[in-house]
Amino acid sequence: MSTQSNHARKGYLMMAVLWFAYATFAMNWVAGSSLTPQITAHFFGDRTVDPLISQLVNYSITTARVFANILAALILMKLGPKKAPMLALLFLMMSIVAIYLPNYWAYTAARMVMGLGGSMVIVYMNPVVTRYISDPTEKLRINALNTVSYNVGAFVVSLQSRSRPGDCLFSMGTVLMP
């Protein structure tokens with residue numbers, strides 16, 4: 001087997017991982033946004049919470065995404081297209097840690113790191129394709145598929161929420177105990 005074939009195979013594997021990671025990020029973000037009342041109730045109980053505070057977790061992800069593009073570019077230049085996506089995936093996995101955190105502020109910080117990782121993943125998709133895939137037609141096809149990953153994740157959440165209304169168990173890290 002040629003080294004060029006192995007190189008391309010590695011690229012396809014990395015792209016699949018990044019694609020599913022971004023779709024999962026979308027699932028997490030969309031589910032978390034739709035579960036804001038349950039998240040607030042979980043952390044604050046019956047207390048009245050200012051709407052700004054209850055939406056803070058969503059604002060934090062948006063804020064992280066603003067800075068993520070610049071940070072992702074700097075990290076890509078420092079670590080390269082092989083190691084930088086691994087760091088992004090590690091950040092994205094903070095959503096798993098978030099569900100075990102004891103308070104809303106730690107949960108919000110973990111979700112912000114998750115948002116940073118999700119934004120880094122989308123930034124790294126194109127450099128990975130460029131590095132590992134040599135056929136221009138195939139690059140175009142893969143980049144076109146990358147643009148739908150967020151929509152696929154959001155669609156999966158919409159199916160879940162319609163099939164089990166009121167169920168708080170959605171995507172990784174956006175769970176609250178019923």
Side-chain angles (χ1 to χ4, degrees), residues 6-36 39 56-101 106-136 138-161 169-175:
N6 284 337
H7 193 68
R9 188 176 317 203
K10 186 187 295 185
Y12 286 116
L13 176 63
M14 285 182 73
M15 281 313 305
V17 168
L18 291 175
W19 194 93
F20 283 109
Y22 198 67
T24 303
F25 166 73
M27 290 168 53
N28 196 315
W29 190 6
V30 171
S33 295
S34 65
L35 291 172
T36 298
I39 292 168
L56 184 65
V57 71
N58 297 324
Y59 298 146
S60 70
I61 293 172
T62 303
T63 303
R65 293 193 66 184
V66 168
F67 297 106
N69 294 330
I70 297 164
L71 184 61
L74 295 172
I75 291 171
L76 181 63
M77 289 186 296
K78 180 83 171 161
L79 299 179
K82 189 174 182 179
K83 292 180 183 174
M86 298 307 149
L87 181 61
L89 293 174
L90 181 69
F91 285 172
L92 192 57
M93 290 176 64
M94 283 301 289
S95 60
I96 296 170
V97 173
I99 62 173
Y100 298 106
L101 294 173
Y107 174 79
T108 300
R111 296 265 301 163
M112 190 172 193
V113 173
M114 183 246 356
L116 180 64
S119 294
M120 290 168 66
V121 164
I122 195 69
V123 168
Y124 295 151
M125 285 180 166
N126 194 30
V128 168
V129 171
T130 300
R131 177 179 170 95
Y132 290 100
I133 310 300
S134 57
D135 179 27
E138 191 66 12
K139 283 182 183 182
L140 182 61
R141 188 175 300 128
I142 291 170
N143 282 326
L145 286 173
N146 288 344
T147 63
V148 301
S149 58
Y150 184 91
N151 295 331
V152 169
F155 178 71
V156 169
V157 169
S158 73
L159 291 177
Q160 173 74 14
S161 64
L169 183 62
F170 276 91
S171 63
M172 99 180 154
T174 306
V175 152

Undergrad: Compare all side-chain heavy atoms of V121 with those of P85 and state whether any distance is below 4.5 angstrom.
TA: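 A side-chain contact under 4.5 Å is absent here.
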Undergrad: With side chains defined as the heavy atoms from C-beta onward, is the minimum distance between L76 and V123 less than 4.5 Å?
TA: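 L76 vs V123: side chains apart.
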Undergrad: At their closest point, which heavy atom of M27 faces which heavy atom of G153, and how far apart are they?
TA: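 Looking at all heavy atoms of both residues, the closest pair is CG-O, 3.0 Å.
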Undergrad: What I'd like to find out is whether the side chain of L79 reaches to under 4.5 Å of the side chain of L87, using heavy atoms alone.
TA: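 Answer yes - side chains close enough.
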Undergrad: Roughly how far, to the nearest 0.5 Å, is the CZ atom of F25 from the OG atom of S119?
TA: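 So the OG of S119 and the CZ of F25 are separated by 5.0 Å.
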Undergrad: Go through the steps to decide whether L18 and V128 satisfy the test side-chain contact (heavy atoms from CB on, under 4.5 Å), and finish with yes or no.
TA: CA-CA 9 Å; L18 291 175; V128 168; 3.8 Å; yes
Undergrad: Can you tell if the side chain of W19 reaches within under 4.5 Å of the side chain of V148, non-hydrogen atoms only?
TA: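 A side-chain contact under 4.5 Å exists here.
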Undergrad: Looking at side-chain heavy atoms only, is the closest gap between Y12 and E138 below 4.5 Å?
TA: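 They are in contact (side-chain heavy atoms under 4.5 Å apart), so the answer is yes.
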Undergrad: May I ask you to decide if the ring planes of Y22 and Y150 are parallel, tilted or perpendicular, using 30° and 60° as cut-offs?
TA: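 Y22 and Y150: tilted rings.
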Undergrad: A106 and L101: which non-hydrogen atoms are nearest, and at how many Å?
TA: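 Smallest interatomic distance, heavy atoms only, reads O-CD1, 3.2 Å.
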Undergrad: Return the CG to CG distance between N69 and L116, rounded to the nearest 0.5 Å.
TA: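 Going from CG on N69 over to CG on L116, the span is 10.0 Å.
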Undergrad: Test Y124 against M86 for side-chain contact (heavy atoms from CB on, under 4.5 Å), laying out the working first.
TA: CA-CA 10 Å; Y124 295 151; M86 298 307 149; over 6 Å; no
Undergrad: On a heavy-atom basis, which atom in A8 and which in I133 lie closest, and how many Å separate them?
TA: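 Distance-wise, the nearest heavy atoms are O-CD1, 4.0 Å.
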Undergrad: Indicate yes or no: at least one non-hydrogen side-chain atom of N146 is less than 4.5 angstrom from one of V129.
TA: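 The answer is yes, as the side chains (C-beta and beyond) meet within the 4.5 Å cut-off.
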Undergrad: I would like to know whether W29 and T62 meet side-chain contact (heavy atoms from CB on, under 4.5 Å); could you show each step before the answer?
TA: CA-CA 10 Å; W29 190 6; T62 303; 3.7 Å; yes
Undergrad: Can you check side-chain contact (heavy atoms from CB on, under 4.5 Å) on V97 and M94, steps first, answer last?
TA: CA-CA 5 Å; V97 173; M94 283 301 289; 4.2 Å; yes
Undergrad: For residues I39 and G32, report the shortest heavy-atom separation together with the two atoms involved.
TA: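 Between these two residues, the closest heavy atoms are CD1-O, 3.6 Å.
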Undergrad: Are any non-hydrogen side-chain atoms of S149 and M125 less than 4.5 angstrom apart?
TA: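 S149 vs M125: side chains touch.
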Undergrad: At their closest point, which heavy atom of A72 faces which heavy atom of M120, and how far apart are they?
TA: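 Closest approach of A72 to M120: CB-CG, 3.7 Å.
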Undergrad: How far apart are the closest heavy atoms of M114 and S95, and which atoms are they?
TA: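 Shortest heavy-atom contact: CG-CB, 3.6 Å.
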Undergrad: How long is the span from the NZ atom in K82 to the CZ atom in R131, to the nearest 0.5 Å?
TA: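 K82 atom NZ to R131 atom CZ measures 7.0 Å (nearest 0.5 Å).
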